[in-house]
Amino acid sequence: MKILALASVDAGDQPEGRDSTPDAARAGDRAAFDLLMRRHERLVLGTAYRLAGNFEDAQDASQEVFLRLYRNLAKLDTRNLAAWLYRVTVNVCHDVRRRRPGTVSMDDAPDLAAAGDPQQSAGEAERRALLRRSPRMLSEKERAALLLRDLEGLSTAEVAGVLGSSVATVRSQLSKARLKVRDFVERYSRRRV
Amino acid sequence: MSCAMWEERVALYAGADLGTVEAAAVERHLSECVPCSALAADLRLELDELREVHAEPLASEHYAAVRGRVLAQLAKPSRRGVVWAWAVPVLAAAAAVLVVVTMRKPAARPAPELPRLVAIAPAVESERGSDRSLTVAAPIEAVRRAGTTPSGRTPTRPSLR
């Protein structure tokens, strides 16, 4: 878990193994827990936003993730915190989506593509808007695999660990997700030109 | 193998997810197949653009909002805490009441001597004539008044004369 270990170190000032912040947070120090949240908020909220597709759901999911972190601090190995946070964020986002179903299918894609800023000219800006929205066209598992591998930079094995799947399943999800994103962007870019 | 069957491998190749042997096989195919070569180039470009687009940082107020909500939630007393906050004073008050009641409970009074009351009843009946209800009520009333007759007079023993 090379990348996940680096993600934890990168989030703070020093490696958490030598850091007293998790211990202080475990002891009930709210300032220490606030610091712990600040270290990992980009991971949690960024992942949640890309998975959920909107800030309301992403903030709800992130709040739940950090509350679970607080409740589980005593039994967590904080050296592997990034992996735990990715896994819980993905699971909580799935729960939030189940409670508020708003899945956008490929059939809704024209409306979705038209929802871009009308001031933006066709071409590059529109293509970027399509790319930004393209993960919403994917199934939950495809989206999670694409996000963790291609946007967060985890290895295929790490993605499999986070999602609780086999490497072969993740590879299949990744290839489908990449091809769907490409089809979506190409189809609606051409249609609007 | 048709190009459709290569698509999945090409997509993995574009994301550097193939081992050395598989990657070499895909590269051989790409060198011979123009559509698959174009597909690989498109996929690489779109992955780069996707990373760029999603690398844009979120506004700091979103992070602050989450932190604020979490800390506010932690500051609230937990449900278990609320239950105990009520339960402890209530239980303490109940225990105190029980102790006071136990301490103040008077010693049991000796029960009135029923044979004596039964002995009084004929006297009452004889004073009131044939009213049978008084015959029944008289001993009860006599117990309540602790030693007085229904008429309020001190009971007297029936005359033996």
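Lettering follows sequence order; numbering is per chain, from 1.
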**OP:** Quick one: which of A:L146, A:D60, A:L45 has the most heavy-atom pairs under 4.5 Å with chain B, could you say?
**Re:** A:L45

Original post:
Looking at the rings of A:F184 and A:Y188, which for Trp means the six-membered one, are their centres under 6.0 Å apart?
Top reply: yes

Original post:
Partners of B:E32 by side-chain contact (heavy atoms from CB on, under 4.5 Å), sequence neighbours excluded?
Top reply: none

Original post:
In terms of heavy-atom pairs under 4.5 Å, which option from A:L67, A:V181, A:V44 contacts chain B the most?
Top reply: A:L67

**OP:** Could you tell me which residues in residues 51-59 of chain A have at least one non-hydrogen atom under 4.5 Å from a non-hydrogen atom of chain B, sorted by residue number?
**Re:** A:F55, A:Q59

Subject >> Under 3.5 Å: donor-acceptor pair, side chain of B:S37, backbone of B:V34 >> reply: no

Subject >> Part of B:V70 within contact of chain A (heavy atom distance under 4.5 Å) >> reply: both

Original post:
Hey, which of B:E8, B:H62, B:E49 has the most heavy atom pairs under 4.5 Å with chain A?
Top reply: B:H62

**OP:** Sequence neighbours left out, what passes side-chain contact (heavy atoms from CB on, under 4.5 Å) with A:A160? Give chain and number order.
**Re:** A:V167, A:V170

Subject >> Interchain contact, B:L47 with chain A, by part (heavy-atom threshold 4.5 Å) >> reply: side chain

Subject >> chain A contact via B:L58 - which portion, at a heavy-atom distance below 4.5 Å >> reply: side chain

Original post:
Contact part of A:R128 toward chain B, heavy-atom cut-off under 4.5 Å: side chain, backbone, both or neither?
Top reply: both

Original post:
Given the options A:T156, A:L179, A:L174, which has more heavy-atom pairs under 4.5 Å with chain B than any of the others?
Top reply: A:L179

**OP:** Identify, with sequence neighbours excluded, every residue that meets salt bridge (charged side-chain N to carboxylate O under 4.0 Å, His left out) alongside B:E22.
**Re:** A:R171

**OP:** Before accepting this row, confirm whether a basic side-chain N of the pair A:R178/B:D17 lies closer than 4.0 Å to the acidic partner's carboxylate O.
**Re:** yes

Subject >> Proximal component of A:L147, with respect to chain B [non-hydrogen, under 4.5 Å] >> reply: neither

Subject >> Whether over 12 other heavy atoms sit under 6.0 Å from A:R42 CZ >> reply: no

**OP:** Please report the shortest heavy-atom distance between A:A83 and A:V162, naming the atom on each side.
**Re:** O-CG2, 4.3 Å

Original post:
Do B:D48 and B:R51 meet the salt-bridge criterion of a basic N to acidic O distance under 4.0 Å?
Top reply: yes

Original post:
Are the side chains of A:Y49 and B:H54 in touch, meaning some heavy atoms are under 4.5 Å apart?
Top reply: no

